Amino acid sequence: MASSYKSFQTIERLSEAIGQEVTLNGWVYDTTGKGKLQFIKLRDGSGIAQCVVFKPNVAEEVFETAKTLTQESSVRIVGTVRAEERAPGGVEVDVKEIKVWQIAKDYPITPKEHGDAFLMENRHLWLRSTRQHAIMRVRATIVKAIRDFFDGNGFTLMDSPILTPAACEGTSTLFETDYFDLGKAYLSQSGQLYGEASAMAQGKIYTFGPTFRAEKSKTRRHLTEFWMVEPEMAFFELNDDMDLAEDFVEYIVQTVLKHRQQELATLGRDITKLEKVKRPFHRMSYTEAVEWLNKNNVKLNKKQADGTEIQIDFPWGEDFGAPQEEAIMEQFEKPCIIHRYPSEVKAFYMKRDPENPKVALAMDMLAPEGAGEIIGGSQREDDFEALKERILSHDLPLESFEWYLDLRRYGSVPHSGFGLGLERTVKWITGAEHIRETNPYPRMIYRIQP
RNA sequence: UCCGGAAUAGCUCAGUUGGUUAGAGCAUCUGACUGUUAAUCAGAGGGUCACAGGUUCAAGUCCUGUUUCCGGAGCCA
(Lines give C-alpha, C1' and ligand atoms only; values in the text may rest on other atoms or scores of the structure.)
Protein backbone atom coordinates (compact mmCIF):
# COMPACT_ATOMS: atom_id res chain seq x y z
CA MET A 1 0.00 0.00 0.00
CA ALA A 2 1.23 3.45 -0.79
CA SER A 3 1.69 5.61 2.30
CA SER A 4 -0.97 8.25 2.65
CA TYR A 5 1.54 11.10 2.55
CA LYS A 6 3.76 9.89 -0.28
CA SER A 7 3.06 9.80 -3.97
CA PHE A 8 5.19 6.73 -4.54
CA GLN A 9 5.54 3.10 -3.49
CA THR A 10 8.38 1.71 -1.36
CA ILE A 11 10.11 -1.35 -2.75
CA GLU A 12 9.90 -3.16 0.59
CA ARG A 13 6.16 -3.62 0.07
CA LEU A 14 6.18 -4.15 -3.68
CA SER A 15 4.84 -7.71 -3.52
CA GLU A 16 1.61 -6.31 -2.04
CA ALA A 17 1.00 -4.41 -5.28
CA ILE A 18 1.03 -7.19 -7.90
CA GLY A 19 -1.08 -6.22 -10.88
CA GLN A 20 -1.08 -2.53 -9.96
CA GLU A 21 0.65 0.40 -11.58
CA VAL A 22 3.15 1.94 -9.16
CA THR A 23 5.56 4.84 -9.00
CA LEU A 24 9.01 4.09 -7.58
CA ASN A 25 11.77 6.50 -6.66
CA GLY A 26 15.31 5.33 -6.21
CA TRP A 27 18.85 4.84 -7.37
CA VAL A 28 20.07 2.48 -10.07
CA TYR A 29 21.97 -0.30 -8.33
CA ASP A 30 22.91 -2.21 -11.44
CA THR A 31 21.91 -2.39 -15.09
CA THR A 32 22.14 -5.09 -17.72
CA GLY A 33 21.41 -4.47 -21.37
CA LYS A 34 20.23 -7.31 -23.55
CA GLY A 35 19.35 -5.88 -26.99
CA LYS A 36 15.71 -4.94 -26.89
CA LEU A 37 15.56 -5.63 -23.14
CA GLN A 38 16.99 -3.51 -20.33
CA PHE A 39 17.13 -4.64 -16.72
CA ILE A 40 17.37 -1.96 -14.05
CA LYS A 41 17.90 -2.94 -10.43
CA LEU A 42 16.40 -0.08 -8.48
CA ARG A 43 17.37 0.61 -4.87
CA ASP A 44 15.30 2.93 -2.69
CA GLY A 45 16.68 2.25 0.78
CA SER A 46 13.86 -0.10 1.67
CA GLY A 47 14.84 -2.78 -0.82
CA ILE A 48 15.89 -3.58 -4.37
CA ALA A 49 13.48 -4.17 -7.24
CA GLN A 50 14.17 -5.42 -10.73
CA CYS A 51 12.60 -3.17 -13.35
CA VAL A 52 12.37 -4.35 -16.94
CA VAL A 53 12.18 -2.13 -20.02
CA PHE A 54 11.12 -4.01 -23.17
CA LYS A 55 11.61 -1.97 -26.32
CA PRO A 56 8.40 -2.88 -28.20
CA ASN A 57 6.29 -2.03 -25.11
CA VAL A 58 7.52 1.52 -24.49
CA ALA A 59 7.95 4.78 -26.32
CA GLU A 60 11.26 5.10 -28.21
CA GLU A 61 12.60 7.81 -25.86
CA VAL A 62 11.86 5.72 -22.75
CA PHE A 63 14.00 2.88 -24.08
CA GLU A 64 16.76 5.31 -25.05
CA THR A 65 16.63 6.81 -21.56
CA ALA A 66 16.90 3.35 -19.99
CA LYS A 67 20.10 2.74 -21.98
CA THR A 68 21.72 5.89 -20.58
CA LEU A 69 21.24 4.93 -16.92
CA THR A 70 24.41 4.33 -14.94
CA GLN A 71 25.09 2.93 -11.49
CA GLU A 72 23.61 5.22 -8.78
CA SER A 73 21.75 7.46 -11.21
CA SER A 74 18.55 8.63 -9.54
CA VAL A 75 15.21 8.02 -11.27
CA ARG A 76 11.47 7.85 -10.88
CA ILE A 77 9.94 4.85 -12.56
CA VAL A 78 6.30 4.18 -13.35
CA GLY A 79 5.30 0.66 -14.25
CA THR A 80 3.18 -2.37 -13.49
CA VAL A 81 4.12 -4.88 -10.81
CA ARG A 82 4.00 -8.54 -11.79
CA ALA A 83 5.01 -11.84 -10.30
CA GLU A 84 8.02 -13.24 -12.15
CA GLU A 85 9.94 -16.32 -11.12
CA ARG A 86 13.12 -15.24 -12.89
CA ALA A 87 13.32 -11.96 -10.95
CA PRO A 88 15.15 -11.75 -7.61
CA GLY A 89 12.49 -11.63 -4.92
CA GLY A 90 9.85 -13.05 -7.25
CA VAL A 91 8.40 -9.71 -8.41
CA GLU A 92 9.44 -7.18 -11.00
CA VAL A 93 8.21 -3.96 -12.51
CA ASP A 94 7.29 -3.70 -16.19
CA VAL A 95 8.42 -0.16 -16.91
CA LYS A 96 6.21 2.36 -18.69
CA GLU A 97 7.88 5.69 -17.88
CA ILE A 98 11.24 6.83 -16.58
CA LYS A 99 12.02 10.27 -15.22
CA VAL A 100 15.70 10.90 -14.63
CA TRP A 101 16.48 12.98 -11.55
CA GLN A 102 20.20 12.88 -12.23
CA ILE A 103 22.66 10.77 -14.20
CA ALA A 104 25.58 9.65 -12.01
CA LYS A 105 28.92 9.58 -13.75
CA ASP A 106 31.73 7.18 -12.77
CA TYR A 107 30.36 5.99 -9.42
CA PRO A 108 33.50 4.80 -7.65
CA ILE A 109 32.17 1.70 -5.88
CA THR A 110 31.59 -1.01 -8.45
CA PRO A 111 30.08 -4.46 -7.85
CA LYS A 112 33.65 -5.86 -7.77
CA GLU A 113 36.04 -6.02 -4.82
CA HIS A 114 37.61 -2.97 -3.22
CA GLY A 115 40.27 -2.40 -0.61
CA ASP A 116 39.53 -1.22 2.93
CA ALA A 117 41.24 2.14 2.54
CA PHE A 118 39.33 2.93 -0.64
CA LEU A 119 36.01 1.97 0.90
CA MET A 120 36.72 4.05 4.00
CA GLU A 121 37.56 7.08 1.85
CA ASN A 122 34.18 6.56 0.23
CA ARG A 123 32.31 5.72 3.43
CA HIS A 124 29.56 8.19 2.51
CA LEU A 125 28.88 6.12 -0.61
CA TRP A 126 29.82 2.71 0.81
CA LEU A 127 26.79 3.01 3.12
CA ARG A 128 24.61 2.39 0.03
CA SER A 129 25.98 -1.14 -0.42
CA THR A 130 23.75 -4.03 0.68
CA ARG A 131 26.12 -5.26 3.36
CA GLN A 132 26.52 -1.85 4.98
CA HIS A 133 22.79 -1.25 4.64
CA ALA A 134 22.12 -4.48 6.54
CA ILE A 135 24.61 -3.68 9.31
CA MET A 136 23.09 -0.23 9.84
CA ARG A 137 19.60 -1.73 10.09
CA VAL A 138 20.82 -4.18 12.74
CA ARG A 139 22.50 -1.31 14.56
CA ALA A 140 19.26 0.67 14.58
CA THR A 141 17.40 -2.36 15.93
CA ILE A 142 19.98 -2.82 18.69
CA VAL A 143 19.60 0.84 19.67
CA LYS A 144 15.84 0.41 19.84
CA ALA A 145 16.21 -2.79 21.88
CA ILE A 146 18.48 -0.97 24.33
CA ARG A 147 15.97 1.84 24.80
CA ASP A 148 12.98 -0.51 25.01
CA PHE A 149 14.70 -2.72 27.57
CA PHE A 150 15.47 0.08 29.98
CA ASP A 151 12.33 2.13 29.34
CA GLY A 152 10.28 -1.00 29.97
CA ASN A 153 12.06 -1.92 33.20
CA GLY A 154 11.61 1.20 35.26
CA PHE A 155 14.75 3.06 34.16
CA THR A 156 14.74 6.78 33.49
CA LEU A 157 16.87 8.19 30.69
CA MET A 158 19.23 10.74 32.27
CA ASP A 159 21.88 11.69 29.75
CA SER A 160 25.29 12.80 30.96
CA PRO A 161 27.12 15.80 29.51
CA ILE A 162 29.59 15.35 26.68
CA LEU A 163 31.65 18.39 27.66
CA THR A 164 33.17 17.73 31.06
CA PRO A 165 35.50 19.74 33.29
CA ALA A 166 37.83 16.94 34.28
CA ALA A 167 38.72 13.38 33.72
CA CYS A 168 36.79 10.47 35.01
CA GLU A 169 39.96 8.41 35.19
CA GLY A 170 42.81 10.80 34.36
CA THR A 171 43.20 13.17 31.38
CA SER A 172 45.77 11.40 29.22
CA THR A 173 43.24 9.74 26.95
CA LEU A 174 40.82 12.64 26.59
CA PHE A 175 40.16 15.01 23.74
CA GLU A 176 40.74 18.51 24.95
CA THR A 177 39.04 21.75 23.95
CA ASP A 178 38.95 25.37 25.12
CA TYR A 179 35.93 26.35 27.17
CA PHE A 180 35.56 30.16 27.15
CA ASP A 181 37.14 31.71 30.25
CA LEU A 182 36.87 28.55 32.32
CA GLY A 183 39.94 26.84 30.92
CA LYS A 184 39.98 23.41 29.39
CA ALA A 185 37.03 21.15 28.81
CA TYR A 186 37.19 17.52 27.76
CA LEU A 187 34.99 15.27 25.67
CA SER A 188 33.47 12.69 27.97
CA GLN A 189 34.95 9.21 28.04
CA SER A 190 32.15 7.93 30.26
CA GLY A 191 28.95 9.30 31.71
CA GLN A 192 29.21 7.09 34.75
CA LEU A 193 29.98 9.58 37.53
CA TYR A 194 27.03 11.70 36.43
CA GLY A 195 25.02 8.50 36.11
CA GLU A 196 25.66 7.77 39.77
CA ALA A 197 24.36 11.19 40.76
CA SER A 198 21.31 10.66 38.51
CA ALA A 199 20.61 7.25 40.07
CA MET A 200 20.49 8.87 43.51
CA ALA A 201 17.70 11.07 42.13
CA GLN A 202 15.76 8.51 40.07
CA GLY A 203 16.67 5.09 41.46
CA LYS A 204 17.41 3.41 38.15
CA ILE A 205 18.72 5.44 35.23
CA TYR A 206 20.62 4.98 32.00
CA THR A 207 22.69 7.30 29.90
CA PHE A 208 23.12 6.62 26.20
CA GLY A 209 25.26 8.66 23.89
CA PRO A 210 28.62 9.11 22.24
CA THR A 211 31.83 8.85 24.24
CA PHE A 212 35.34 9.75 23.24
CA ARG A 213 38.70 8.18 23.90
CA ALA A 214 41.93 9.67 22.63
CA GLU A 215 43.72 6.35 23.10
CA LYS A 216 46.07 5.59 20.27
CA SER A 217 44.45 2.24 19.78
CA LYS A 218 44.75 0.72 16.37
CA THR A 219 42.81 -2.52 16.37
CA ARG A 220 39.65 -3.85 14.81
CA ARG A 221 37.68 -3.24 18.01
CA HIS A 222 38.52 0.40 18.81
CA LEU A 223 37.02 3.69 17.73
CA THR A 224 37.91 7.12 19.12
CA GLU A 225 34.21 8.02 19.14
CA PHE A 226 31.70 5.34 20.03
CA TRP A 227 28.30 4.98 21.61
CA MET A 228 27.92 3.61 25.08
CA VAL A 229 24.86 2.85 27.16
CA GLU A 230 25.43 3.04 30.89
CA PRO A 231 22.75 1.95 33.37
CA GLU A 232 23.26 2.89 37.01
CA MET A 233 21.10 1.46 39.79
CA ALA A 234 20.76 2.49 43.44
CA PHE A 235 20.70 -0.43 45.89
CA PHE A 236 22.06 -2.89 43.28
CA GLU A 237 24.98 -5.00 44.44
CA LEU A 238 27.38 -6.80 42.14
CA ASN A 239 25.22 -9.90 41.68
CA ASP A 240 22.20 -7.78 40.77
CA ASP A 241 24.39 -5.90 38.33
CA MET A 242 25.52 -9.13 36.65
CA ASP A 243 21.96 -10.48 36.51
CA LEU A 244 20.78 -7.29 34.85
CA ALA A 245 23.63 -7.42 32.32
CA GLU A 246 22.64 -10.97 31.36
CA ASP A 247 18.96 -10.10 30.96
CA PHE A 248 19.91 -7.06 28.92
CA VAL A 249 22.25 -8.79 26.49
CA GLU A 250 19.88 -11.72 26.03
CA TYR A 251 17.11 -9.26 25.20
CA ILE A 252 19.23 -7.42 22.63
CA VAL A 253 20.30 -10.58 20.82
CA GLN A 254 16.84 -12.14 20.82
CA THR A 255 15.28 -8.89 19.58
CA VAL A 256 17.67 -8.76 16.63
CA LEU A 257 16.92 -12.40 15.84
CA LYS A 258 13.21 -11.62 15.90
CA HIS A 259 13.27 -8.52 13.70
CA ARG A 260 16.37 -8.73 11.49
CA GLN A 261 16.38 -12.23 10.00
CA GLN A 262 16.70 -10.90 6.46
CA GLU A 263 19.64 -8.64 7.29
CA LEU A 264 21.44 -11.41 9.19
CA ALA A 265 20.97 -13.64 6.13
CA THR A 266 22.40 -10.91 3.87
CA LEU A 267 25.39 -10.75 6.19
CA GLY A 268 25.82 -14.52 6.10
CA ARG A 269 25.59 -14.64 9.89
CA ASP A 270 25.35 -18.09 11.51
CA ILE A 271 22.25 -17.46 13.61
CA THR A 272 22.38 -20.79 15.41
CA LYS A 273 25.21 -19.26 17.44
CA LEU A 274 23.03 -16.27 18.35
CA GLU A 275 20.07 -18.48 19.22
CA LYS A 276 22.16 -19.98 22.02
CA VAL A 277 22.55 -16.60 23.72
CA LYS A 278 20.08 -17.29 26.53
CA ARG A 279 20.43 -16.99 30.27
CA PRO A 280 22.22 -18.14 32.31
CA PHE A 281 25.55 -17.06 30.83
CA HIS A 282 28.85 -18.40 32.11
CA ARG A 283 30.46 -16.79 35.12
CA MET A 284 33.85 -17.13 36.73
CA SER A 285 35.87 -15.06 39.13
CA TYR A 286 39.16 -13.54 38.03
CA THR A 287 40.93 -15.93 40.40
CA GLU A 288 39.19 -18.94 38.83
CA ALA A 289 40.10 -17.60 35.38
CA VAL A 290 43.77 -17.34 36.33
CA GLU A 291 43.70 -20.91 37.65
CA TRP A 292 42.08 -22.04 34.41
CA LEU A 293 44.73 -20.28 32.32
CA ASN A 294 47.55 -21.91 34.22
CA LYS A 295 45.92 -25.33 34.20
CA ASN A 296 45.50 -25.03 30.44
CA ASN A 297 49.02 -23.76 29.90
CA VAL A 298 48.07 -20.35 28.52
CA LYS A 299 51.23 -18.38 29.12
CA LEU A 300 51.87 -14.67 29.39
CA ASN A 301 54.42 -13.08 27.05
CA LYS A 302 56.65 -10.93 29.19
CA LYS A 303 59.25 -8.54 27.85
CA GLN A 304 62.56 -8.66 29.65
CA ALA A 305 64.97 -5.79 30.22
CA ASP A 306 67.11 -6.88 27.25
CA GLY A 307 64.10 -6.74 24.92
CA THR A 308 63.62 -10.47 24.49
CA GLU A 309 60.29 -12.08 25.31
CA ILE A 310 59.79 -14.98 27.62
CA GLN A 311 56.68 -16.97 28.43
CA ILE A 312 55.67 -17.23 32.05
CA ASP A 313 52.80 -18.68 34.06
CA PHE A 314 50.02 -16.13 34.34
CA PRO A 315 50.61 -14.25 37.61
CA TRP A 316 47.65 -13.37 39.85
CA GLY A 317 47.31 -9.59 39.80
CA GLU A 318 48.07 -9.01 36.12
CA ASP A 319 45.19 -7.77 33.92
CA PHE A 320 44.05 -9.99 31.07
CA GLY A 321 45.05 -9.09 27.54
CA ALA A 322 43.44 -10.15 24.28
CA PRO A 323 45.23 -13.55 24.19
CA GLN A 324 43.96 -14.53 27.65
CA GLU A 325 40.39 -13.43 26.95
CA GLU A 326 40.37 -15.30 23.65
CA ALA A 327 41.69 -18.47 25.27
CA ILE A 328 39.03 -18.36 27.98
CA MET A 329 36.21 -17.69 25.51
CA GLU A 330 37.17 -20.46 23.10
CA GLN A 331 35.42 -22.98 25.34
CA PHE A 332 32.13 -21.06 25.45
CA GLU A 333 29.26 -20.48 23.02
CA LYS A 334 27.53 -17.98 25.29
CA PRO A 335 28.91 -14.80 26.81
CA CYS A 336 30.91 -15.15 30.01
CA ILE A 337 31.11 -12.73 32.92
CA ILE A 338 34.43 -12.50 34.73
CA HIS A 339 34.14 -10.82 38.12
CA ARG A 340 36.19 -9.73 41.12
CA TYR A 341 39.34 -8.47 39.42
CA PRO A 342 42.39 -7.37 41.42
CA SER A 343 41.61 -3.90 42.72
CA GLU A 344 45.05 -2.69 41.62
CA VAL A 345 44.16 -2.94 37.91
CA LYS A 346 40.69 -1.46 38.25
CA ALA A 347 39.32 2.07 38.51
CA PHE A 348 39.30 4.07 41.74
CA TYR A 349 35.52 4.20 42.09
CA MET A 350 35.03 0.43 42.26
CA LYS A 351 34.15 -1.00 45.64
CA ARG A 352 36.48 -3.53 47.19
CA ASP A 353 35.11 -6.91 48.10
CA PRO A 354 34.50 -6.87 51.88
CA GLU A 355 35.39 -10.57 51.92
CA ASN A 356 38.68 -10.03 50.12
CA PRO A 357 39.95 -6.43 49.83
CA LYS A 358 42.51 -7.47 47.21
CA VAL A 359 39.74 -7.73 44.65
CA ALA A 360 37.26 -5.16 43.40
CA LEU A 361 33.55 -5.84 42.88
CA ALA A 362 34.07 -5.43 39.15
CA MET A 363 32.79 -7.46 36.24
CA ASP A 364 33.41 -7.68 32.50
CA MET A 365 31.23 -9.51 30.03
CA LEU A 366 33.07 -11.20 27.18
CA ALA A 367 31.15 -12.17 24.05
CA PRO A 368 31.89 -15.44 22.23
CA GLU A 369 33.20 -15.97 18.67
CA GLY A 370 36.22 -13.77 19.32
CA ALA A 371 34.10 -10.66 19.85
CA GLY A 372 35.74 -9.86 23.20
CA GLU A 373 34.70 -7.45 25.90
CA ILE A 374 31.34 -5.77 25.40
CA ILE A 375 30.53 -4.78 28.99
CA GLY A 376 32.54 -3.39 31.86
CA GLY A 377 30.88 -2.66 35.17
CA SER A 378 31.11 -2.70 38.93
CA GLN A 379 29.57 -2.03 42.28
CA ARG A 380 30.70 1.48 43.22
CA GLU A 381 32.51 2.50 46.36
CA ASP A 382 29.85 3.98 48.63
CA ASP A 383 31.99 4.75 51.70
CA PHE A 384 33.07 8.38 51.94
CA GLU A 385 36.48 7.79 53.54
CA ALA A 386 37.40 4.86 51.31
CA LEU A 387 36.51 6.78 48.15
CA LYS A 388 38.33 9.93 49.23
CA GLU A 389 41.46 7.96 50.02
CA ARG A 390 41.24 6.22 46.62
CA ILE A 391 40.95 9.57 44.78
CA LEU A 392 44.04 10.84 46.59
CA SER A 393 46.08 7.68 46.05
CA HIS A 394 45.30 7.85 42.32
CA ASP A 395 46.67 11.43 42.26
CA LEU A 396 43.34 12.81 41.15
CA PRO A 397 42.46 16.43 42.02
CA LEU A 398 40.19 16.20 45.04
CA GLU A 399 38.43 19.51 44.37
CA SER A 400 37.12 18.22 41.03
CA PHE A 401 35.53 15.29 42.81
CA GLU A 402 33.86 17.16 45.67
CA TRP A 403 30.47 16.94 43.97
CA TYR A 404 31.02 13.21 43.45
CA LEU A 405 31.92 12.79 47.12
CA ASP A 406 28.67 14.56 48.00
CA LEU A 407 26.89 11.43 46.82
CA ARG A 408 28.61 9.67 49.76
CA ARG A 409 27.86 12.51 52.16
CA TYR A 410 24.15 12.73 51.59
CA GLY A 411 22.38 9.40 51.73
CA SER A 412 25.01 7.06 50.36
CA VAL A 413 23.72 3.65 49.31
CA PRO A 414 25.17 0.57 47.67
CA HIS A 415 24.87 1.02 43.91
CA SER A 416 26.14 -0.52 40.72
CA GLY A 417 26.18 -0.06 36.99
CA PHE A 418 27.89 -1.01 33.79
CA GLY A 419 28.68 0.27 30.32
CA LEU A 420 27.94 -1.56 27.10
CA GLY A 421 29.77 -0.55 23.94
CA LEU A 422 27.24 -0.26 21.13
CA GLU A 423 29.64 -0.75 18.24
CA ARG A 424 31.27 -3.81 19.80
CA THR A 425 27.84 -5.30 20.31
CA VAL A 426 26.90 -4.58 16.69
CA LYS A 427 30.20 -6.13 15.58
CA TRP A 428 29.53 -9.30 17.53
CA ILE A 429 25.90 -9.71 16.46
CA THR A 430 26.47 -8.90 12.78
CA GLY A 431 29.75 -10.80 12.61
CA ALA A 432 31.46 -7.77 11.09
CA GLU A 433 35.20 -8.19 10.69
CA HIS A 434 36.05 -4.69 11.80
CA ILE A 435 34.38 -2.18 14.11
CA ARG A 436 34.62 0.49 11.38
CA GLU A 437 31.66 -1.19 9.65
CA THR A 438 29.41 -0.83 12.71
CA ASN A 439 29.22 2.97 12.87
CA PRO A 440 27.98 5.01 9.89
CA TYR A 441 30.86 7.47 10.06
CA PRO A 442 33.55 5.86 12.21
CA ARG A 443 36.25 7.93 13.84
CA MET A 444 39.63 6.26 14.17
CA ILE A 445 43.11 7.35 15.06
CA TYR A 446 44.22 7.82 11.46
CA ARG A 447 40.91 8.70 9.86
CA ILE A 448 38.46 11.55 10.29
CA GLN A 449 37.23 11.88 6.66
CA PRO A 450 34.54 11.81 5.43
C1' U B 1 53.93 4.49 21.17
C1' C B 2 56.08 -0.39 19.61
C1' C B 3 56.43 -4.65 15.96
C1' G B 4 55.36 -6.32 10.96
C1' G B 5 53.51 -5.41 5.87
C1' A B 6 52.05 -2.45 1.59
C1' A B 7 51.91 1.74 -2.19
C1' U B 8 51.89 0.19 -10.37
C1' A B 9 45.28 2.63 -14.88
C1' G B 10 39.04 5.11 -11.61
C1' C B 11 39.00 -0.04 -8.74
C1' U B 12 41.39 -5.08 -7.65
C1' C B 13 45.99 -6.84 -8.93
C1' A B 14 50.32 -9.21 -12.09
C1' G B 15 55.09 -7.40 -13.57
C1' U B 16 60.86 -13.11 -13.68
C1' U B 17 68.00 -12.09 -12.35
C1' G B 18 67.84 -4.47 -13.14
C1' G B 19 67.24 -4.69 -19.95
C1' U B 20 63.14 -2.73 -25.95
C1' U B 21 56.91 0.61 -26.39
C1' A B 22 54.55 -1.28 -18.20
C1' G B 23 50.00 -5.74 -18.61
C1' A B 24 45.09 -8.30 -17.14
C1' G B 25 40.04 -8.28 -15.16
C1' C B 26 36.33 -4.86 -13.72
C1' A B 27 34.58 0.25 -14.51
C1' U B 28 34.01 4.06 -18.76
C1' C B 29 32.88 4.92 -24.21
C1' U B 30 31.18 2.55 -29.28
C1' G B 31 28.64 -1.69 -31.54
C1' A B 32 25.67 -6.80 -31.36
C1' C B 33 21.94 -9.63 -28.60
C1' U B 34 14.20 -10.77 -25.64
C1' G B 35 15.65 -12.93 -19.45
C1' U B 36 20.20 -10.52 -17.18
C1' U B 37 21.48 -11.83 -11.71
C1' A B 38 29.38 -9.76 -10.90
C1' A B 39 25.62 -11.35 -18.38
C1' U B 40 28.35 -12.51 -22.89
C1' C B 41 30.91 -11.17 -27.52
C1' A B 42 33.79 -7.40 -30.73
C1' G B 43 36.47 -2.78 -30.49
C1' A B 44 38.43 2.01 -28.17
C1' G B 45 40.39 5.43 -24.64
C1' G B 46 42.85 5.45 -19.93
C1' G B 47 49.83 5.44 -16.41
C1' U B 48 54.19 11.54 -12.83
C1' C B 49 54.91 2.91 -11.30
C1' A B 50 53.31 7.40 -3.64
C1' C B 51 57.16 11.51 -3.10
C1' A B 52 62.48 13.08 -2.83
C1' G B 53 67.36 11.69 -3.45
C1' G B 54 71.13 7.90 -4.67
C1' U B 55 73.72 3.47 -7.25
C1' U B 56 73.98 2.01 -12.59
C1' C B 57 75.27 2.21 -19.59
C1' A B 58 70.17 1.09 -17.95
C1' A B 59 65.53 1.36 -12.11
C1' G B 60 58.39 -0.25 -11.50
C1' U B 61 62.49 -3.68 -9.90
C1' C B 62 68.41 -2.24 -5.82
C1' C B 63 69.75 1.53 -1.57
C1' U B 64 68.42 5.86 1.85
C1' G B 65 64.84 9.18 3.65
C1' U B 66 59.75 11.03 3.75
C1' U B 67 54.47 10.48 3.36
C1' U B 68 50.09 7.66 3.36
C1' C B 69 47.57 3.21 4.31
C1' C B 70 46.86 -1.92 6.29
C1' G B 71 47.47 -5.81 10.20
C1' G B 72 48.88 -6.81 15.27
C1' A B 73 50.34 -5.41 20.53
C1' G B 74 49.37 -2.32 24.79
C1' C B 75 44.95 0.47 26.68
C1' C B 76 39.89 -0.13 26.87
C1' A B 77 33.73 -0.57 25.64
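Worth saying up front: this structure is predicted, and the values here are computed from it rather than measured. So that the names make sense, note that chain A is the first sequence line, chain B the second, and so on, each numbered from 1.
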Self-check item: Under-4.0 Å side-chain N/O to phosphate OP1/OP2 contact, Arg221(A) with G71(B)
Solution: no
Quiz item: Does the pair Lys144(A)/Asp148(A) count as a salt bridge with the N-to-O cut at 4.0 Å?
Solution: yes
Exercise. Determine: side-chain N/O of Arg220(A) to OP1/OP2 of G72(B), distance under 4.0 Å, yes or no.
Key: yes
Exercise. Using a heavy-atom cut-off of under 4.0 Å over every strand shown, decide if Lys216(A) touches base, sugar-phosphate, or nothing.
Key: base
Practice problem: For Asp319(A), answer base if it contacts any base atom (sugar-phosphate contacts may also be present), sugar-phosphate if it contacts only those atoms, and nothing otherwise; contact means non-hydrogen atoms under 4.0 Å. | Solution: sugar-phosphate
Self-check item: Presence of His114(A) side-chain N/O under 4.0 Å of G10(B) phosphate oxygens OP1/OP2
Solution: no
Quiz prompt | Trace of the ring-ring contact (aromatic ring centres under 6.0 Å, His included) decision for Phe314(A) with Phe320(A) | solution = CA-CA 9 Å; Phe314(A) 196 91; Phe320(A) 296 143; 5.3 Å; yes
Quiz item: At under 4.0 Å between heavy atoms, what does Glu92(A) touch on the DNA or RNA strands: base, sugar-phosphate, or nothing?
Solution: base
Practice problem: For Tyr446(A), answer base if it contacts any base atom (sugar-phosphate contacts may also be present), sugar-phosphate if it contacts only those atoms, and nothing otherwise; contact means non-hydrogen atoms under 4.0 Å. | Solution: sugar-phosphate
Self-check item: Who pairs with U30(B) - Watson-Crick or G-U, where each distance is under 3.5 Å
Solution: A42(B)
Exercise. Would you mind telling me which residue lines up with the more 5' stretch of RNA chain B, Glu121(A) or Glu326(A), judged by nearest nucleotide?
Key: Glu121(A)
Quiz item: Quick one: is Lys34(A) getting a side-chain N or O under 4.0 Å of the C33(B) phosphate, OP1 or OP2?
Solution: no
Exercise. Give one of base, sugar-phosphate or nothing for Gln38(A), where a contact means two heavy atoms less than 4.0 Å apart.
Key: nothing
